[in-house]
**Q** 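Quick one: the structure is below, questions incoming.
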Amino acid sequence: MASPEERYNFRETEAKWQKAWADHACFRVEANSKKPKYYVLEMFPYPSGRLHMGHVRNYTLGDVVARYKKAKGFNVLHPMGWDAFGLPAENAALERGVHPAKWTRQNIAQMREQFRPLGFSLDWSRELTSCEPDYYKHEQKMFLDFMRKGLAYRKESWVNWDPVENTVLANEQVIDGKGWRSGVDVEQRKLNQWFLKITHYADDLLKAIETLGRWPDKVRVMQHNWIGRSEGARVHWPLLNPDGNARGDSLEVFTTRPDTLFGASFCAISAQHPLAVKLAESDAALRDFIADCSKAGTSTAAIETAEKQGYDTKVRARHPFTANSVPVCVANFVLMEYGTGAIFGCPGHDERDMEFARKYNLPVRCVVAPEGEDPIAFARKLESGNEAYVDDGIAIASEFLDGLKVDAAKRAAIAKLEALGRGKGTVQYRLRDWGVSRQRYWGCPVPVIHCAKCGVVPVPDKDLPVTLPDDVTFDRPGNPLDRHPTWKHVKCPTCAAAATRETDTFDTFFESSWYFARFCSPHLADQAFDKAEAMKWLPVDQYIGGVEHAVLHLLYSRFFTRALSDCGYLDGLKEPFAGMFTQGMVCHETYRTQDGAWVEPGGVRKEGEKATYNGAPVTVGRSEKMSKSKKNTVDPEHIILTYGADAARLFMLSDSPPERDLEWTDSGIEGAWRYLNRLWRLAASASANPAGAVPSAIAPAAAAALRQIHRAVATVGEDLEKFRFNSAVARIRELTNTLADLDRGAVGADAVFRLGMERVTQLVNPLMPHVAEEMWLSLGHKTLLAQSPWPDFDPVMLEDDIVTLAVQVNGKLRGTIDVAKGSDKAACESAALALPAVQRQLDGKPPRKVIVVPEKIVNIVVA
RNA sequence: GCCCAGGUGGUGGAAUUGGUAGACGCGCUGGCUUCAGGUGCCAGUGACCGCAAGGUCGUGAAGGUUCGAGUCCUUUCCUGGGCACCA
């Protein structure tokens, strides 16, 4: 039985080393260092006030990288800050009457204290808080610079308006067409909004995805799809009144299939299209139809099930190539935000158009037939069926396009359109400009002033920052800035007449789009960051965070980096993150009582198959992302008090690969805790052995262990480089097992054991830094492990001079043979044939063929 | 519907370029230690047949390529994630 003294005291030990690291300022970057730089960054947290397991995992992953890179001789920047603006603070104000600033600052203080015992190698001297004016004043300046460059502009746009809350809702706050809190139908309203011109960089943002070699493919694909480039043409269709006379205007449509123009049977426009709006002025039925369209709106369920609906405006559009004309309909499936908000319909070669045509009895004309099929028969089949043909083929019934394949036909059609002045080839992006206006209090104020005479006037640089007023009330819905008695009333900077401030604030993605640059010189008062420092540290070498930010945050940051370069803040830097890693979620089993209520894991007792909560049976549900609503959360604070930070860290790193979801289990954390203690005891027992060189003549078992030590140093290093932390843990445990099982009486075993424990300590350091530091001390070292270099290995020691070969007969394993390294094929073959099991299989028959793969396998083929 | 990941023991997961499937854990079984619980230590643990030696089967399913397939190809099923009437 182990006495209490023989048990690792994590509480004292972890605190001791955290203090030592802080006293030695271990995690500050080295000024004027000759070492290569390495910038590790985890996505900065929103200060909700409570640390959760997702945070622990995220920052543990980053910490492993930071500590490993430091040991590898890099000058490491590993900062921390707070993404402190956002809606929850306003909700807290609304629900509990706490001021958002106070609530946020309290949460930050609380979370900082929760982070401390985890022992992360963070440079807290660079801490930043995005809701403080010393941070956001710089982004107000950036915004003004963007305006000057034409990268920020104002336009009318549609927003989700909650009529009860009197606010704009983000798309994710609209659930089934209703406001997430009010529960009432959300309206589409047109408001003047500020936009950032991310589309200016659409092509570059797309092309540069290829340069992001250390990003997950998944994220690159998502960004690629989000930008959504498509090549096509804009085509002008002159409009005719119902009486057949030209109206004098024309309808511009975007298409990716100009080759199918001869199959057009209608044009369709969005319900928000200016033409639809104008025609509705004199058409009550159309007004009703448009109203219906905007009601059906936002919910995915509605969109999914919505039947194609159209309204014939009786206006007709004349074909750009022929004398024919087609009806112009308003249709519920045409998006105003994409292309021109208008399409031409070719039912033969587009499924949606087909559905629409069949419903409204519009003609279906086949203009593309698959190569090698009889065009007449194919056309007959297509035109009488309900299936559109959307694949490649040969143009038919299309005059000058006949006989061309789709790609060539597209080019020919565009050339003709351009020659006739009736259209042109264009590239269309799905990506839209970034709307940054929010009708909120708790965000960075948009630094402009509205003057009746001068229009929109930027706040002069000398008047920055525009700070948020403290005396605001949340007792009524709507934007407190807007109804503040004095804040918005100012003099126009240009003409000094009475004017008003912009009361919108920025989207909170604004703050997170440049914080990585601010960390390079976080205390600079008069600039957002020092250009030289930023150019030295950026791009971030390793960025780590959740996939939920795979598109927006990362794309916005990539955009900002380009925009900041164009505004002179950076010298041509385009990409902020050279390496990106997206971690999986932390999950836990879920439990429900018989009446369906979720219950927390803490109260659940399990005996065999049965689980109970307060004596009542509960059903065990599948493992899901930890969430308050399902009560399947485990509090990191509690875990750290019970097992310490190292055990929690080890558990996070073992088993599950970091990119996959991790299932939290009690037995898992206990296993981590047991291993940690075992390591600590082993190190203590090694400390009795004198440190010194391993003698040259040692017992075979000791020699094998020595080789394994070198191999572990090699593979663990490689595993850490490649984010295979789970297999790094496995390799270290394997080595631990070998060392613990080593016969200490064997010649040289003591020296090998001692060396092995030194190496295990060094390897385990990035994973469990506190116990590693303690082991390092007990092994007699006077320096901090946190400041020690990563161990080397001898490549010569990686290979054994005896190799075990698998021996197969007809591809089935029958035994193994040990041969000297470099043995020739004949020797392997005869050794393999000599195996009794092989002889039994051969049963006297001669082998037909013997395959020998050196150092791998011998396969004997027998008839 | 489209795109992207994944399906390996009771369980989390290992497995360079095709070359000994199940490393390393968790759990479980037996034993030792202990007043006891835990800890610690020893042994075992894919399924099936067998006292054993040994054999048969086995990586979602079905085919194929190969001396040899978890890995490559074709078809198919299931799970998770993203996007969604993008013209």
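This structure is a prediction, so every number in the text was calculated from the model and none was measured. Naming: A, B, ... by sequence-line order, numbering from 1 per chain.
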**Q** Hey, does the side chain of Arg674(A) come within less than 4.0 Å of C26(B)'s phosphate (OP1/OP2), counting only N and O?
**A** yes
**Q** With rounding to the closest Å, how many angstrom separate the C1' atoms on U74(B) and A69(B)?
**A**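 To the nearest whole Å, 15 Å.
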**Q** What residues, two or more places apart in sequence or in another chain, satisfy side-chain hydrogen bond (donor to acceptor under 3.5 Å, both in side chains) together with Arg422(A)?
**A**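 Not a single residue meets the side-chain hydrogen bond (donor to acceptor under 3.5 Å, both in side chains) criterion with Arg422(A).
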**Q** Sugar-phosphate atoms are those with a prime plus P, OP1 and OP2; base atoms are the rest. Using that split, label each nucleotide of nucleotides 7-15 of chain B B, S or - for protein heavy atoms under 4.0 Å, 5' to 3'.
**A** -----BSS-
**Q** Which atoms of nucleotides 65-71 of chain B (N or O only) lie under 3.5 Å from a protein N or O atom, and what are those distances?
**A**
| unit_1 | atom_1 | unit_2 | atom_2 | d |
| --- | --- | --- | --- | --- |
| C67(B) | O2' | Asn859(A) | ND2 | 3.0 |
| C67(B) | O2 | Asn859(A) | ND2 | 2.6 |

**Q** Can you see if the side chain of Gln841(A) gets near the phosphate of G55(B) - specifically, an N or O under 4.0 Å from OP1 or OP2?
**A**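 For G55(B), OP1/OP2 do have a side-chain N/O of Gln841(A) under 4.0 Å.
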**Q** Roughly how far apart, to the nearest Å, are C24(B) and C41(B) at atom P?
**A** 15 Å
**Q** Measure from NZ or CZ of Lys308(A) to the centre of the six-membered ring of Phe333(A) and say whether it is under 6.0 Å with the direction within 45° of the ring axis.
**A**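 Judged by the rule, Lys308(A) and Phe333(A) form a cation-pi pair.
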**Q** Establish, with yes or no, whether the OP1 or OP2 oxygen of G18(B) is under 4.0 angstrom from a side-chain nitrogen or oxygen of Lys856(A).
**A** no
**Q** Taking atom P in both G63(B) and G70(B), compute the distance separating them and give it to the nearest angstrom.
**A** 15 Å
**Q** Let me spell it out: for each of Ala730(A) and Val858(A), pick the nucleotide of RNA chain B with the closest heavy atom. Which residue's pick is nearer the 5' end?
**A**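 The answer here is Val858(A).
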**Q** Rounded to the nearest Å, what distance is computed from the CE atom of residue Met222(A) to the C1' atom of nucleotide A84(B)?
**A** 13 Å
**Q** Under 3.5 Å, which donor-acceptor pairs link side chains of residues 425-432 of chain A to any protein atom two or more places apart or in another chain?
**A**
| unit_1 | atom_1 | unit_2 | atom_2 | d |
| --- | --- | --- | --- | --- |
| Gln428(A) | OE1 | Arg234(A) | NH2 | 3.3 |
| Tyr429(A) | OH | Asp203(A) | OD1 | 2.8 |
| Arg430(A) | NH1 | Trp226(A) | O | 3.3 |

**Q** With both distances under 3.5 angstrom, what nucleotide forms a Watson-Crick or G-U wobble pair with U29(B)?
**A** A43(B)
**Q** Taking the side chain of Lys218(A) as heavy atoms from C-beta outward, which of C4(B), G55(B), A87(B) is closest to it?
**A** C4(B)
**Q** Distance-only criterion, 3.5 Å: show the donor-acceptor pairs between side-chain atoms of residues 545-554 of chain A and protein atoms not counting sequence neighbours.
**A**
| unit_1 | atom_1 | unit_2 | atom_2 | d |
| --- | --- | --- | --- | --- |
| His553(A) | NE2 | Tyr543(A) | OH | 2.6 |

**Q** Rounded to whole angstroms, how far apart are CD on Glu355(A) and C1' on G1(B)?
**A** 12 Å
**Q** When the P atoms of G6(B) and U16(B) are considered, how many whole Å apart are they?
**A** 14 Å
**Q** Both distances below 3.5 Å, Watson-Crick or wobble geometry, any strand: find the nucleotide opposite C2(B).
**A** G82(B)
**Q** What residues, two or more places apart in sequence or in another chain, satisfy ring-ring contact (aromatic ring centres under 6.0 Å, His included) together with Phe723(A)?
**A**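 If we apply the ring-ring contact (aromatic ring centres under 6.0 Å, His included) test to Phe723(A), skipping adjacent residues, the hits are Phe581(A), Phe725(A).
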**Q** Suppose the criterion is salt bridge (charged side-chain N to carboxylate O under 4.0 Å, His left out): which pairs have a residue in residues 713-730 of chain A, not counting sequence neighbours?
**A** Lys69(A)-Glu721(A), Glu718(A)-Lys722(A), Glu718(A)-Arg724(A), Asp719(A)-Arg724(A)
**Q** Using a heavy-atom cut-off of 4.0 Å across all strands, would you classify Asn737(A) as base, sugar-phosphate, or nothing?
**A** sugar-phosphate
**Q** Syn or anti for G9(B), with syn set at within 90° of 0?
**A**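 G9(B): syn glycosidic orientation.
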**Q** Which one is paired to A61(B), where only Watson-Crick or G-U wobble pairs with both distances under 3.5 angstrom count?
**A**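 Pairing partner, where one exists within any strand: U75(B).
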**Q** Distance check, P atoms only: U59(B) and U11(B), in whole angstrom units.
**A**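 Pairwise P distance, U59(B) against U11(B), rounds to 15 Å.
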**Q** CD1 of Ile669(A) versus C1' of G25(B): gap in Å, rounded?
**A**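 The answer, rounded to whole Å, is 13 Å.
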**Q** Just list the side-chain donor-acceptor pairs under 3.5 Å for residues 730-737 of chain A, sequence neighbours left out, or say none.
**A**
| unit_1 | atom_1 | unit_2 | atom_2 | d |
| --- | --- | --- | --- | --- |
| Arg731(A) | NE | Glu734(A) | OE1 | 2.9 |
| Thr736(A) | OG1 | Tyr675(A) | OH | 2.8 |
| Thr736(A) | OG1 | Ile732(A) | O | 2.7 |
| Asn737(A) | OD1 | Arg678(A) | NH1 | 3.0 |
| Asn737(A) | OD1 | Arg678(A) | NH2 | 3.2 |

**Q** Look at the side chain of Arg733(A) and decide which nucleotide, out of A87(B), C24(B), U20(B), has an atom nearest to it.
**A**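 Looking only at heavy atoms from C-beta outward on Arg733(A), the closest nucleotide is C24(B).
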**Q** Taking only distance into account, with no hydrogens and no angle test, what donor-acceptor pairs under 3.5 Å do side-chain atoms of residues 655-674 of chain A form with protein atoms, sequence neighbours excluded?
**A**
| unit_1 | atom_1 | unit_2 | atom_2 | d |
| --- | --- | --- | --- | --- |
| Asp661(A) | OD1 | Met585(A) | N | 2.9 |
| Thr665(A) | OG1 | Gly668(A) | N | 3.1 |
| Glu670(A) | OE2 | Tyr643(A) | OH | 3.3 |

**Q** In whole angstrom, what separates Leu676(A)'s CG from G40(B)'s P?
**A** 12 Å
**Q** Tell me every residue that passes ring-ring contact (aromatic ring centres under 6.0 Å, His included) with Tyr556(A), counting only those two or more places apart in sequence or in another chain.
**A**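 For Tyr556(A) the ring-ring contact (aromatic ring centres under 6.0 Å, His included) partners, ignoring immediate neighbours, are Trp434(A), Phe509(A).
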**Q** Test your reading of the model: is there a side-chain donor-acceptor pair from Asn632(A) to the backbone of Ser627(A), 3.5 Å cut-off?
**A** yes
**Q** Taking only the side-chain heavy atoms of Val221(A) (C-beta and beyond), determine which of G82(B), G27(B), C3(B) contains the nearest atom.
**A**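 Nucleotide nearest to Val221(A)'s side chain: C3(B).
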**Q** Mind running side-chain contact (heavy atoms from CB on, under 4.5 Å) on Ile343(A) and Phe254(A) for me, showing each step along the way?
**A** CA-CA 6 Å; Ile343(A) 62 156; Phe254(A) 173 73; over 6 Å; no
**Q** Under 3.5 Å, is there a donor-acceptor pair between the side chain of Arg814(A) and the main chain of Ala832(A)?
**A**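 No, Arg814(A) side chain to Ala832(A) backbone: no donor-acceptor pair under 3.5 Å.
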**Q** So, does Arg678(A) get its side chain near the phosphate of C41(B), meaning an N or O under 4.0 Å from OP1 or OP2?
**A**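 For C41(B), OP1/OP2 do have a side-chain N/O of Arg678(A) under 4.0 Å.
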**Q** Could you tell me which nucleotide pairs with C67(B) by Watson-Crick or G-U wobble geometry, both distances under 3.5 Å, or answer none if nothing does?
**A** G19(B)
**Q** Kindly indicate whether the side chain of Asn225(A), heavy atoms from C-beta on, has any atom under 4.5 Å from the side chain of Val221(A).
**A**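 SC-SC contact between Asn225(A) and Val221(A) confirmed.
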**Q** Check the distance between A87(B)'s P and Phe333(A)'s CZ and give it to me in whole angstrom.
**A**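 Value for this atom pair: 13 Å.
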**Q** When you compare U45(B) with G10(B), how far apart are their P atoms, in angstrom units rounded to a whole number?
**A**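 Comparing P positions in U45(B) and G10(B) gives a spacing of 15 Å.
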**Q** Is G37(B) paired to anything, Watson-Crick or G-U wobble with both distances less than 3.5 Å, and if yes, which nucleotide?
**A** none
**Q** Identify, with sequence neighbours excluded, every residue that meets salt bridge (Lys or Arg N to Asp or Glu O under 4.0 Å) alongside Asp391(A).
**A**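 Residues passing salt bridge (Lys or Arg N to Asp or Glu O under 4.0 Å) with Asp391(A): none at all.
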**Q** Give the nucleotide from the list C3(B), G54(B), C85(B) with an atom nearest to the side chain of Leu335(A).
**A** C85(B)
**Q** Give me the distance, rounded to whole Å, that separates G22(B) from G9(B) when you measure between the P atoms they each carry.
**A**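 The same atom, P, in both gives a distance of 14 Å.
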**Q** Starting at the 5' end of nucleotides 42-47 of chain B, put B wherever the base has a protein heavy atom under 4.0 Å, S where only the sugar-phosphate does, and a dash everywhere else.
**A** S-----
**Q** What does A14(B) pair with, Watson-Crick or G-U, if both distances are under 3.5 Å?
**A**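 Checking every strand shown, A14(B) finds no partner, since no pair has both distances under 3.5 Å.
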